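These notes concern the structure reproduced below.
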Amino acid sequence: MNDTATAHAGAPAKRLDVIIVGAGFGGMYAVYKFREMGLAIQGFEAGGDVGGVWYWNRYPGARVDLPSIDYSFGFSREIEQEWTWKEQFAAQPELLEYINFVADRLDLRKHIQFNTRVTRAVWDERRQLWQVTTDHGDVFEAPYCIMSTGPLSLPRDPDIAGLSRFKGELLRAAKWPHHPVAFAGKRVGIIGTGSTGIQIIQEIGPQCGELFVFQRTPSFTMPMRNQTLGADYVSEVKRNYAGIREAALNSAVGGVRPQSTRGFFTVTPSQRQELLEASWQQGGLAMLGTFADLLTNAEANEHVAEFVRGKIDEIVTDPAVAEALKPRGYPIFARRPCLDTSYYETYNLPNVHLKNCLTDKIVEITEKGVRLESGEVELDMLILATGYDGLTGALMAFDVIGRDGLSINQLWKAGARSYLGLMIAGFPNLFMTTGPTGPAALANIIRISEHDVDWIAEAMRHMERNHLATMEPTAEAEERWMALVATLAQRTLVSQAKTWYVGANVAGKAQGLTLFTGGFQKYREYCRAATEGNYRDFTFAPAEALATA
Ligand code: NAP
């Protein structure tokens, strides 16, 4: 591999070994890993600094819903010992502090060009290089291109008429301002009651003059029961990090969480109630671990949904509000389960008003606020927590053009395709971390990112050892993987809700669950198997072919 500059029409293109797009967890680890392999690397990041979603999502109440000790890098024993988590579920400022600590500690920033969006990546078949153009007009070339663009990095505005007319403060959760935002005395509206909206509502409800929640689909949320981590607990974790990581790698979710082999109907109704109550009191995602069949047995799932609806009745004092908050018509856990500290309680505050937009639809956004069928709600501030064009959005938002002029954008119009969420047939030497058809979103994104980067690094070493210039999956292997992903998707209730998981939140997007639902440990097995037999599921071009081209 070399780093000589090659001429490009106009300005000279900078020649590298590896180009990495995105500086969230996946991109940061890729920068570190490939630098340690002695490769010439360059990262690009649209944001002003490292952190991905945690850089952008500075909204009030932003917090991770996995335990911090799991939701942290595992590749550096030193960093694990040097960093001390303060909370069981870290809030965004602590997470960003951690991310900055890692970037400083490993001196990653000098390899990343910030405030730079990649606008085009084109495979040059003759020279067997990716040619990458940025929004500054610069061109870079490298045999390898890593897309660490993230499954949730392209926010979407709601498709409601009149958004641009609103004259008050318009804030987007996913692009929250860096300066403090005041809510006191203001009439604030929020659209969106997914994980993001729930976190914002419970945080700002007590602060606003009045808060109007425009809810279309209610979400299920369970108590987080967050805690400050004590010194003894942290020491114990630090002694046992190796075991904790090992357990996470061998779990379905990439983290240490109770899992059960018990079927819902194998125990009596009163035992079920006791188990569900205990998990509610325990908090976090404990409820998901009470029974093994909650995502496959619709009847069991409905019992659990009803248990949570009962909790809403217990907490919310106004029966009509409680009823409107109860999710119906889709299985619990088929949408991302939310964790809260005081979400349902927030609706007991006299200044917080729930607007049920299933029965009283949003007609338009006006200069002054939101017009419902029942009339206009005047607002000083409107917050959008309306989600993302998930999984595929970021990679379809710019031109990624592989062999024979095929673009990812064209290819994925009919639905995301890839082999293992890592590579795409027709796109040689283009790798993804946490890509679609992998387990992204259903397991700990950091464990997946590390796994993916390690897998890519091993593939590169294989190519180096064997004097190979390019690699891509065979069409057959990709087809086999897509069939497996589809078969597994049919077995889970996750397919049965209209969510970003299935593309239902974006008009015109191909529908279907293009996530691997077989669990993280199984995913790792498939990725390992794909490299056995001399990478039989891939085609390679020898380096000599390039030399003589
Ligand atoms: P989301 O789950 O897709 O929720 C978007 C919300 O906006 C939904 O309530 C949706 O209602 C509403 N919405 C969209 N368009 C609308 C319209 N035209 N009118 C009315 N309502 C509209 O997005 P999110 O809350 O940002 O969460 C996305 C993912 O990010 C989560 O699933 C999770 O994976 C991740 N996340 C994690 C955390 C955490 O770790 N704690 C926090 C935040 C986010 P409909 O459902 O009716 O469309």
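Values in this document were obtained by computation on a predicted structure and should not be read as measured data. One-based numbering, in listed order, for ligands and for the atoms of each.
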inquiry  = Which residue is it: Glu378, Glu376, Glu210? I am looking for the one with a salt bridge (charged side-chain N to carboxylate O under 4.0 Å, His left out) to Arg187.
reply    = Glu210

inquiry  = Quick test of your reading of the model: are Asp157 and Arg172 salt-bridged, counting only N-O distances below 4.0 Å?
reply    = yes

message = Please state which option from Gly192, Pro327, Ala504, Ala385 has its nearest heavy atom closest to atom 5 (C) of ligand 1.
response = Ala385

message = Would Trp500 count as a polar contact of ligand 1, with the cut-off being nitrogen or oxygen pairs under 3.5 Å?
response = yes

Shortest heavy-atom approach to atom 31 (C) of ligand 1 - which of Gly390, Pro158, Ser195 = Ser195

Heavy-atom closest pair, residues Ser148 and Thr433 = OG-OG1, 2.9 Å

query = Of all the atoms in ligand 1, which lie at a distance below 4.0 Å from a heavy atom belonging to Val64?
reply = 40 (O), 41 (N)

request  = Could you tell me whether Asp360 and Lys355 make a salt bridge, using a distance below 4.0 angstrom between a side-chain N and a carboxylate O?
outcome  = no

query = Parallel, tilted or perpendicular: which fits the ring planes of Trp280 and Phe307, with parallel below 30° and perpendicular above 60°?
reply = perpendicular

note = re atom 23 (O) of ligand 1, the protein heavy-atom contact at minimum distance is Gly387 CA, 3.2 Å

query = Do Lys498 and ligand 1 have an N or O pair less than 3.5 Å apart?
reply = no

request  = Below 4.0 angstrom from a heavy atom of Leu152, which ligand 1 atoms are there? Numbered from 1 as shown, please.
outcome  = 29 (C), 30 (O), 34 (O), 35 (C)

ask   = Between Leu372 and Val363, which heavy-atom pair has the shortest distance, and what is it?
value = C-CG2, 3.6 Å

remark   = Nearest heavy atom to atom 39 (C) of ligand 1, choosing from Arg156, Gln215, Arg63, belongs to Arg63

request  = Provide the number and element of each atom of ligand 1 under 4.0 Å from a heavy atom of Arg335.
outcome  = 46 (O)

inquiry  = Suppose we measure from atom 13 (N) of ligand 1 to each protein heavy atom; which comes out shortest, and what is that distance?
reply    = Thr386 CG2, 3.8 Å

ask   = For atom 48 (O) of ligand 1, what is the nearest protein heavy atom, given as residue, atom name and distance?
value = Arg216 NH2, 2.8 Å

query = Nearest heavy atom to atom 43 (C) of ligand 1: which of Asn57, Thr196, Asp340 does it belong to?
reply = Thr196

query = Which atoms of ligand 1 are found less than 4.0 Å from any heavy atom of Gln199?
reply = 41 (N), 42 (C)

query = Tell me: protein heavy atom nearest atom 4 (O) of ligand 1, and distance?
reply = Gly194 CA, 3.7 Å

ask   = Judging by distance only, is a nitrogen or oxygen of Asp65 under 3.5 angstrom from one on ligand 1?
value = yes

message = Does the plane of the ring in Phe25 sit parallel, tilted or perpendicular to the ring in Phe73? Use 30° and 60° as the thresholds.
response = perpendicular

task = Would you indicate which of Asp159, Ile200, Ile362, Thr217 comes nearest to atom 47 (O) of ligand 1 when only heavy atoms are counted?
result = Thr217

Protein non-hydrogen atom found under 4.0 Å from atom 10 (C) of ligand 1 = no

ask   = Do Phe333 and Phe220 make the cut of ring centroids closer than 6.0 angstrom?
value = no

query = If you look at every heavy atom in Val316 and Leu325, which pair is closest and at what distance?
reply = CG2-CD1, 3.8 Å

note = shortest atom 20 (C) of ligand 1-to-protein heavy-atom contact is with Ile191 CG2, 3.6 Å

inquiry  = Run the side chain to side chain donor-acceptor pair (under 3.5 Å) test against Arg336 and tell me which residues pass, sequence neighbours left out.
reply    = Asp65

request  = Identify, by atom number and element, the atoms of ligand 1 in contact range of Tyr388, meaning under 4.0 Å from any of its heavy atoms.
outcome  = 26 (O)

ask   = Centres of the His451 and Tyr29 rings: under 6.0 Å?
value = no

task = Look at ligand 1 and say whether Tyr330 reaches it with a heavy atom at a distance under 4.0 Å.
result = no

Spacing of Leu513 atom CG and Thr492 atom OG1 [to the nearest 0.5 Å] = 7.0 Å

message = I'd like to know if Arg63 pairs up with Glu203 as an ion pair, taking the criterion as any Lys NZ or Arg NE/NH1/NH2 lying under 4.0 Å from an Asp or Glu carboxylate oxygen.
response = no

task = If you have a sec, work out which protein heavy atom is nearest atom 8 (C) of ligand 1 and how many Å separate them, to one decimal?
result = Thr193 N, 4.0 Å

message = Give the atom numbers and elements of ligand 1 that come within less than 4.0 Å of a heavy atom of Tyr59.
response = 42 (C), 43 (C)

